[in-house]
There are 2 protein chains.
Amino acid sequence: MPKGLTKRRPQTTARLLEAAQETFAERGFYGSSIEVISERAGLTRGAFYSNFRNKEELFFALFDLHAQRVVDRLDQAVGELDASDDPVRALFARAVTVDAAERRWYLLSTEFTLHAIRHPETARLLAERDRALREQIVGILARLFARIGRRPTADLDSLARLTTAVYEGSLAQSLVEPGELAPEELAVTYLPPLFDAVSEPVAPGEDAEQA
Amino acid sequence: MPKGLTKRRPQTTARLLEAAQETFAERGFYGSSIEVISERAGLTRGAFYSNFRNKEELFFALFDLHAQRVVDRLDQAVGELDASDDPVRALFARAVTVDAAERRWYLLSTEFTLHAIRHPETARLLAERDRALREQIVGILARLFARIGRRPTADLDSLARLTTAVYEGSLAQSLVEPGELAPEELAVTYLPPLFDAVSEPVAPGEDAEQA
DNA sequence: AGAATCGGATACAGGTCTGTATCCGATACG
DNA sequence: CGTATCGGATACAGACCTGTATCCGATTCT
């Protein structure tokens, strides 16, 4: 519950996050010292330590930002679903855009995951974050099925895992072989029929809601 | 062309490589200092710098060792191909074993690849190594097709790339979801029919060799 | 056996990074 | 307007790590 001159604070935090994003992109997680990040933000390490406990916490802040962006985009896309021929395909085509920022994030999170594998405490934190994000996605999937008048026959959590795996796997391949494969292609092509296969139409009468 | 007491040399080199493997497995590439590796080998940094220029060169030495193992295993498996119902499947089932060492190597090489992405000079060296390995594999694939009396209709280099991609992609997934998916499964299941699809039988009369 | 060389140990110089403790100007609030 | 607090800067202490230069015992070859 801080009360004081809390006006400059969010500004400073934002500048650090911005600088971190750029620095991580150029030099990776290990290669980015706290000093360089702070300098890039036009601040000193003092400011950094006043805002974050360490570099890991900084990464997690970026993680949260990114997760929010993903959820927002998916959420909005589900909300704007039209009654097209293949609504699921339309959704992925809209929501799954792999731009430069997305590629950068993939590289960073991969590096961080490898780091976490060697540091159990960090791995715990990361897994918890992953879980929370997946939970959000499960909610969106549920809304999606409701929206298209179908009921999933498969476990939504595992479906969320698969969706993520396809997306990330495709991204990895397109990084290794740039130009050979559009990163969105696998998801857009294979997920719609899959979603169809793991769900069934709801009977006309029943569409009551339950949390 | 060294002539002197070259008898202890290979011993020392081997001890350093062994220690590097263990240390990298426990602490990753970045996390392993040359000092720790040397100590683990029961030597000092002096010995290390007498045998390798730096940590990267050490990694590449491990790369060569691993590549040789892969090539040997594949090569031998092709040589011992029996006239079974599905020879390609039999080959992959034999040659593609994903043990703990293989998983460790995957983690290490992935970390190193990310490192290389940020260091163009290193990336060049890595790409060159990859190319050389792929060349070996192309040779093996050629022998394989000859052995089963078929002629490839697709570019062997791209087929080698795909094979590697399937293998590594599968490995990545099985690391993320241990127990859900046997790492060999995708390769064993999907590659045989694929190989069949990209080749045609040779006409009975013609089976002359050409380098 | 002696000379030349090799291989690894030791010592040195330099650089980088982290985290903390302290300080001081600025601001909000009474 | 004065005071308490906040936020960032500065300074400090300590830990690593790399690469090189030098040294010395051991060994091969003649």
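Since we're looking at a predicted model, the values are computed, not measured. Just so you know, these numbers use all the heavy atoms, side chains as well, and skip hydrogens, waters and symmetry mates. Order of the sequence lines sets the chain letters (A, B, ...), proteins ahead of strands, with each chain counted from 1.
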- Query: When the ring planes of B:F63 and B:W105 are compared, do they come out parallel, tilted or perpendicular, using 30° and 60° as the limits?
  - Reply: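 Geometry flag for B:W105 against B:F63: perpendicular rings.
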Hey, are A:E111 and B:H115 close enough side-chain-wise for a donor-acceptor pair under 3.5 Å?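 No, A:E111 and B:H115 have no side-chain donor paired with an acceptor closer than 3.5 Å.
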### Message
Is it the case that the side chains of A:S33 and A:R27 hold a donor-acceptor pair, with the cut-off being a distance below 3.5 Å and no angle test?
### Response
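Looking only at side-chain atoms, A:S33 and A:R27 do not form any donor-acceptor pair under 3.5 Å.
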Starting at atom [atom1] of [X], determine the distance to atom [atom2] of [N], rounded to an integer number of angstrom.
X	N	atom1	atom2	value
A:Q11	D:dG7	CD	P	14 Å
A:R9	C:dA28	CZ	C1'	16 Å
A:N51	D:dC6	CG	P	14 Å
A:R53	C:dT20	CZ	C1'	14 Å

Review point. In terms of side-chain heavy atoms of A:K7, which of D:dG19, C:dG8, C:dA28 is nearest?
Key: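 My answer, after comparing the listed nucleotides, is C:dA28.
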Would you check, one step at a time, whether the test ring pair (Phe, Tyr, Trp, His ring centres under 6.0 Å) holds for A:F60 with A:F112? CA-CA 10 Å; A:F60 283 123; A:F112 190 83; 5.4 Å; yes
Practice task
Give, ordered by number, those residues of residues 31-47 of chain A having at least one heavy-atom distance below 4.0 Å to an atom of DNA chain D; if nothing qualifies, reply none.
Solution key: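 Hits under 4.0 Å, by residue number: A:L43, A:T44, A:G46, A:A47.
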| said: For DNA chain D, which residues of residues 18-27 of chain B approach it to below 4.0 angstrom with any heavy atom? | reply: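 Heavy-atom cutoff 4.0 Å gives no residues at all.
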Notebook entry, point to check: Using a cut-off of less than 4.0 Å, is there contact between a side-chain N or O of B:T12 and OP1 or OP2 of C:dG8?
Noted result: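 Looking at the OP1 and OP2 atoms of C:dG8, one of them is under 4.0 Å from a side-chain N or O of B:T12.
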